Amino acid sequence: MFLINCPYCGERDQSEFSSGGEAHIERPKQPTELSDDEWADFLFMRKNIKGVQFERWNHSHGCRKWFNLIRDTSNDKIHGIYKMGEKPPKV
Amino acid sequence: MSNFRINKTNFVDQTNRISFKFDGKTFFGFKGDTLASALIANGIHLVGRSFKYHRPRGIMTCGSEEPNAICQINDKSNLTEPNVRATEIELYEGLEANSQNCWPNVKFDIGGINNLISPFIPAGFYYKTFMWPKSFWKSVYEPLIRKTAGLGKSPIKPDPEIYDHKYVHCDVLVIGGGISGIISAKLSAKNNLNTILIDDKKELGGSTIFQENEIFKINNKISKDWLINEINEIKKLKNLQIKTRTSVAAYHDYNYLLARESLSDHLSKNEKDGFVRQRLWKIRAKKVIIATGAIERPLVFNNNDRPGILLASSINKYLNYFGVTCGLKNVIFTNNDSAYEVAISLNKKGIDVKIIDIRKRSESELIKETEKLGIKIFWNSTITSTFGYRKINSIEIMSLSEDGSNVIGEKNKISCDCLGMSGGWTPMVHMHTQSGGKLNFRETDQVFLPKEFSDNRISVGSSNGHFELDEIIKLTNDTVKKFLNIQETDLDDADISCSKELEKRNIWLLPNYISIGKNKSFIDFQNDSTAKDIKLAMREGFKSIEHVKRYTTTGMATDQGKLSNMHALGIIAETAAVKMGSLGTTTFRPPFTPLTFGTIVGRSVGKFFDIVRKTPMHEWHVKNNAEFENVGQWKRAWYYPRNNENMHQSVQRESKAARDSAGILDASTLGKIDIKGSDATEFLNRVYTNAWSKLSIGKCRYGLMLNEDGMVYDDGVTTRIDENHYLMTTTTGGAANVLSKLEDYLQTEWPELDVWLTSVTDHYATASICGPNSKKILKKLFSDIEFNDQNFPHMSFKNAKIGGIDCRIMRISFTGEHSYEINIEAKYGNSLWEKCIDAGKDFNITPYGTETMHLLRAEKGFIIVGQDTDGTMTPIDLQMDWIVSKKKYDFIGKRSLYRSDTMREDRKQLVGLLTDKPNTVLEEGAQIVHEKNNKPIEMIGHVTSSYFSPNLNKSIALAVVKNGRKLKGQKLLVPMRDQTINVTVSDFIFYDKNNERLNA
Amino acid sequence: MKNKYSIFSLFKNAFSGHENWQRAWRDPEPKKEYDAIIVGGGGHGLATAYYLAKKHNMRNIAVVEKGWIGGGNTGRNTTIIRSNYLWDASAGLYDHALKIWEGLSQDLNYNVMFSQRGVMNLAHNLQDVRDLKRRTHANRLNGIDAVWLNTDEVKKFCPIVNTSPNIRYPVLGGTLQRRAGTARHDAVAWGYARGADELGVDIIQNCEVKGIKRNGNKIEGIETTRGFIKSKKIGVVAAGHSSVIASMVDIRLPLESKPLQALVSEPVKPIIDTVVMSNAVHAYVSQSDKGELVIGAGTDSYVSYSQKGSHDVVEGTLKAILELYPIFSRMKMLRQWGGIVDICPDASPIISKTNIEGLYFNCGWGTGGFKATPGSGDLFAHTIANDEPHKLNAAFSLNRFVSGDLVDEHGAAAVAH
């Protein structure tokens, strides 16, 4: 159970948060223009990285804000946190 | 029976006599005893039988590593507990303990026959047999294996005791209250750090607290006396919280630790009344100091498992801590110096002791003193066998060859009644590795040690591989200073004297003249795995330690390999001729010692299992005899039986009343989301399938929400309260998820939208009144509103007041009847409800529950998301094409509707079903097949909703059926287990197809 | 020919102190080239190799495993075997597996202790009842033995379940599949390994795949920690690590790898004689032959390869266990552990060809792969040998995520209204 430093509330137990999976998968602005393959890619295909991964988290039992988090999925160490819309810090 | 209590100590109160029962016989011990020390004081060593061979086993240790002495306590009461270690349970008045895994009793155990057939049941024998005849596995072999396996018995009554959780944050957590832990805690607390010191025993002090040897001195005081003084000192420290009888169970990431505090297990039934039994501490520590000490290793030789064979250091603890001697004629078998302290202690108390040492010779201070005392030492020798069935009575020893690989010379028999063994020490690195730390192997004494410290975690003392007193103190002091950034301490120039071990020799599997295949050198005592088993596993190709462990079950008993893992590794390394350090260890998994389920769960049992969400009208429903249905966490009124009605009768009555006159439903549980902002309309356009731009203020609209995969996700009516203000309703079960999903889109995909969402589900109570007389009732309640279709048409809303309280009235309908929903601030919900009931009296207003609601809407063919859909239905499948906007460029899930599979025309589609016999009601979930069917039977759909409609006087059902749109009028079959039901596909709107009743 | 295992061979070997048993499998050096390589030495991978050799006569094949065989989810699961799945495709797949389970010990000459003690799934709300009844009807028509039990019948079949109507989520009934049960997980890996080895399959442990070499759209071999190994066919059965292997050829899979935890109690004498599962209060429990209660917890919500889940998940599971079995309150957790499961969006597996010629994936088994081991191996072997799926795994292609023809085994969503 790691600690997450919510950019709005500070350091809290992970159990207050929920994970939204891989970050920076932008919903296509024009879905109708996409092929079935491209749409499936957006909908389902994930990098599922073992190692440093950029992901979305929500402080669901707190401020309910979404933010981005950089975490090494091989050991759950967190390497950075940044708000939605911000540029990710260098790791 | 002789009395083995020979000594008075500070730790056992010999004025406070306690009676207890073991295997039905009454014995006496003293306050301060453990069950084990009291048994030994009574001369009892045989306390159990081993798992596989049912060999007699005795108390072997004095702590949590005990593999043998495990008991069922308080059998047959609701406080019973299996597999309790006699070495850990503190004696209390009335304690009843029984040996396990034996029948009829521990002295004469029929299962002992397994020992005789042991040659035929080597490790993994069950993988190689019991395969013929095939049917015997289920009927004969497995039941037999199961019956013989298992140790104690599960309780069969609910647990009357309570458990607790506590959340703690601290600067420094010190795990282990031995000498290094005490030093660490003192340094930490004295430097203004909020510190917790945890130890699993009832007193601090570890093994130094009974170290009486004059060789070991700190600042000119005997180590024990110095430590007692330190303990008294730290008890005065304000920053330090000391928790004894508390065992750290798990060390998770980010210094999150779980510890079990035992609050009343040491008390008798009368004393513990009202106490919490155990408390789980959930600790977040900024820094952790691991001072968990080391465990003495047994030695692996033939018949090393008899009652009366103990770890040498345990003999010392029984003697100097509990005042009990384990035997009158003792032999100490060792490969290191520490066991000499035991021999000296015994000798000084006038008890006979001899030493067998596998080393060739050593000249350390301890050994010199031993020799000075005239204790006989057999150097360069090993034990080749032990004798005595229920208790050891003699041993056979031989000399070791030069390289230690063989035995040579004469066999010597020595009689004894107690054998202490010491194969060196294993640092307790469990906590270090659980936290993610890696290990190094130290060749000189063959121990795994913490490889690295982190900024927030260190190990000190013998858990860090420091075994000599001077090392422990100096290095603990140095390490903690650095770790906590302390400049100077009292211990910087402490004067320490101790004996230093000069010679080391370790042989994991001691040689014997009897071949390994024929002797019994135990490694895992509880699971009965021997050196032979390990060798067999390796012969059969199991190379990895994890394989060997699993194949032989070594290290998988209730002690989790605390005594056996190192030997297993050592023997594997020796056999495979590889370096032990290269093998790695098995994973140390939490918990450190077994953790009671009740403790893990804490208070969240029974009525605290899960919260109950009740509507403001709940008490009214209870008073009016409602039966309730669980919907998520909500309690919803299901139906209201009157005069002994059954459910069917109630629902028929309620349904009829709602259509004939008036019904009232508590709809407060529906999810409600308040939507505000200048882009609210655009937002709705994006999240619902239909268009919202033209919805005027004061109007309501039904909306359908999809998942991005195109499948129906939720539905509900949304009302435009104002230009930039909407109130969305969701399904009861979907409320939380819908809000999360909408927030997700808003915050991450569409941050440009000016929209604000607030959950108001619990803020408003909702009463829904339907039926031809609903308008009249509303008129009575709201005299100032004109309820005609011009002023207040279907799908519109009005602000109103009732009893001076603001409310909102929506004219919307989920039953197809003329219908109103009144939303009011939750605290007035019950009052509103009662007013409605009152106003409706003249119209036979009938409260109806969810079952009737389901029936009424089914008559109208309205879907229930989650019942008629299952995450695989598109709006087209539901024949709701009308709600999918063709004009909108995009909405959630739109793109997915245009994939090859979602565009198939023969998908499962919503239809109505009528049974050929109108009284036959289909079972929800029943499968549907074509009339003429080939094998295998092709299932073309299933019944999603089914009721007997009192308003139509026949059975009706909704179903999803492959190509259903085109099957109207077609005969299908519903095959049940005992009959096949004939049905005809119909329109799914059964009642009032032209919606005439909405405006009636 | 290896020693045949039987009571007689045990007797015979007893007299020589068991010093003459042969290796269950060899420890070969990797050859330069194989006709097919299976990446992943878990149950599914070893079974695939076994059936490739046995049914498709491919003998020059290898299984490469980065650690020790059976060390992943095969050795970490709660060993439940059942086939009472809703959809035809799933029912076909899992019942195919169940049928193989029924004769597996004899086929492998290795006792995998398949114990058909029945699996009961409990219903706790009205939608559960509808869903489980629906499943039972579908199972029956698919030839899968499953019956609906009312609350009294549940109690009769497993007397220790708390069927009081006064608990928070009372048991409203349940389904029972009697042919279902449990097996000894390690034995499955070892039995298949021994069987495959005897047919000539090289089982290469401590051999981690570091890269996949391809020429255009064709597979050429794998780079491993023990060198390059040539092969035109690679079958990847790497469970939680599937995406890691896929990334070596720039494929993204519809998978997320998450920690799944399980725990056992200390062993006790027989107290529960079946497997009971409850989705609504999330608890499932059985008792191993050794006497331990085997309890499955849930997955965490986040991707992780750390094999450690959060404590909350374990606490939540035990909470549910005590709700349904209050008598277990004084039992003790002996050991807990985590595995990494690869989860598909529709909670169904992938046994599929890929866009790269000679590269096959068998993954996405999520929390329930153990039960499918023999069937999965058999069908994957078929797919690799024929470069064409078997009709039983045709529905489990990667393409379903493009077409939308998912096999959604999540069960129905939460009940609404």
Side-chain angles (χ1 to χ4, degrees), chain B residues 81-83 119-120 122 125 127-131 142 145-146 149-156 158-159 517-518 536 539-541 544 546-547 550 558 589-590 594-598 600-601 604-605 609-610 630 731 733-734 864-866 870-872 899-902 924-927 937 939 942, chain C residues 5-7 10-11 14 17-19 21 23-25 68 71 105-106 110-111 115-116 125-126 130 133-134 137-138 141 168-169 186-187 266-271 289-291 311 315 318-319 322-323 326-337 403-405 408 412-417:
Chain B
E81 193 184 349
N83 309 333
F120 306 108
F125 73 98
Y127 300 128
K128 294 182 174 133
T129 182
F130 301 134
M131 287 178 279
E142 191 180 35
I145 291 174
R146 283 184 173 254
L151 292 167
K153 293 174 289 184
S154 163
I156 49 169
D159 188 352
K518 301 261 160 96
L536 171 65
R539 195 173 303 125
E540 294 194 77
S544 141
E546 288 286 354
H547 275 161
R550 285 155 180 264
T558 61
R589 292 182 164 129
L595 194 54
T596 309
F597 286 1
I600 296 170
V601 174
S604 309
V605 288
F609 172 68
D610 197 13
N630 284 312
T731 60
I864 287 186
V865 174
D870 60 0
T872 68
R899 294 176 297 171
S900 61
D901 192 69
T902 35
E924 288 169 352
Q927 296 289 328
I937 302 169
M939 285 171 266
H942 75 282
Chain C
Y5 290 163
S6 70
I7 187 93
L10 270 172
F11 266 61
H18 296 285
E19 288 180 19
W21 287 106
R23 305 181 66 101
W25 53 83
W68 37 283
S105 294
Q106 286 71 26
Y110 205 95
N111 191 351
S115 168
Q116 294 181 289
N125 58 52
L126 298 175
R130 279 187 279 264
K133 281 189 174 171
R134 175 184 172 195
H137 286 297
L141 296 176
R168 180 68 184 86
Y169 298 105
D186 292 330
E266 292 185 338
V268 286
K269 295 291 175 196
I271 182 78
D289 280 347
K290 205 181 163 197
H311 171 72
E315 187 175 315
L318 285 175
K319 195 172 114 172
L322 295 195
E323 172 78 349
I327 64 166
F328 289 153
S329 172
R330 299 175 84 84
M331 292 286 290
K332 284 170 286 197
M333 173 167 87
L334 177 59
R335 192 165 60 237
Q336 71 176 98
W337 63 92
S403 72
D405 191 10
D408 192 328
V415 70
H417 287 280

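A note on names: the letters A, B, ... follow the listed sequences, proteins ahead of strands, and every chain is numbered from 1. All values below were derived from every heavy atom in this structure, side-chain atoms included, with hydrogens, water molecules and symmetry-related copies excluded. Predicted, not measured: the structure shown is a model, and the values here were computed from it.
- Ranked by heavy-atom pairs under 4.5 Å with chain C, the list Asp610(B), Val605(B), Ile156(B) is led by Asp610(B).
- Contact tally against chain B (heavy-atom pairs below 4.5 Å) for Leu318(C), Leu334(C), Leu322(C): the top residue is Leu334(C).
- Annotation: maximal heavy-atom pairing with chain B below 4.5 Å, among Pro326(C), Pro270(C), Ala138(C), Ser105(C), occurs at Ala138(C).
- Only the side chain of Ile271(C) comes within contact range of chain B, with at least one heavy atom under 4.5 Å from a heavy atom of that chain.
- The aromatic rings of Phe597(B) and Phe328(C) sit perpendicular to each other, their planes meeting at more than 60°, with 30° as the lower class boundary.
- Ranking Arg23(C), Gln336(C), Arg330(C) against chain B, the residue ahead of the rest is Arg330(C), based on heavy-atom pairs under 4.5 Å.
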Problem - Chi angles and distances behind the side-chain contact (heavy atoms from CB on, under 4.5 Å) call for Thr596(B), Lys332(C) - result: CA-CA 4 Å; Thr596(B) 309; Lys332(C) 284 170 286 197; 3.7 Å; yes
Practice task
Please lay out, stage by stage, how Asp870(B) and Arg134(C) fare under the test side-chain contact (heavy atoms from CB on, under 4.5 Å).
Solution key: CA-CA 12 Å; Asp870(B) 60 0; Arg134(C) 175 184 172 195; 2.9 Å; yes
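- Ranked by non-hydrogen atom pairs under 4.5 Å with chain C, the options Lys518(B), Glu546(B), Lys153(B) are led by Glu546(B).
- For the set His311(C), Gln106(C), Glu266(C), the count of heavy-atom pairs under 4.5 angstrom toward chain B peaks at Glu266(C).
- Residues Asp289(C) and Arg146(B) have side chains in contact (heavy-atom distance under 4.5 Å, counting atoms from C-beta outward).
- Using bins of under 30°, 30° to 60° and over 60° for the plane-to-plane angle, the ring pair His547(B)/Trp25(C) lands in the perpendicular bin.
- Residue with the most contacts toward chain C among Pro594(B), Ser604(B), Ala926(B), Gly541(B): Pro594(B) (heavy-atom pairs, distance under 4.5 Å).
- The candidate with the highest count of non-hydrogen atom pairs below 4.5 Å against chain B, out of Gln116(C), Lys319(C), Lys133(C), is Lys319(C).
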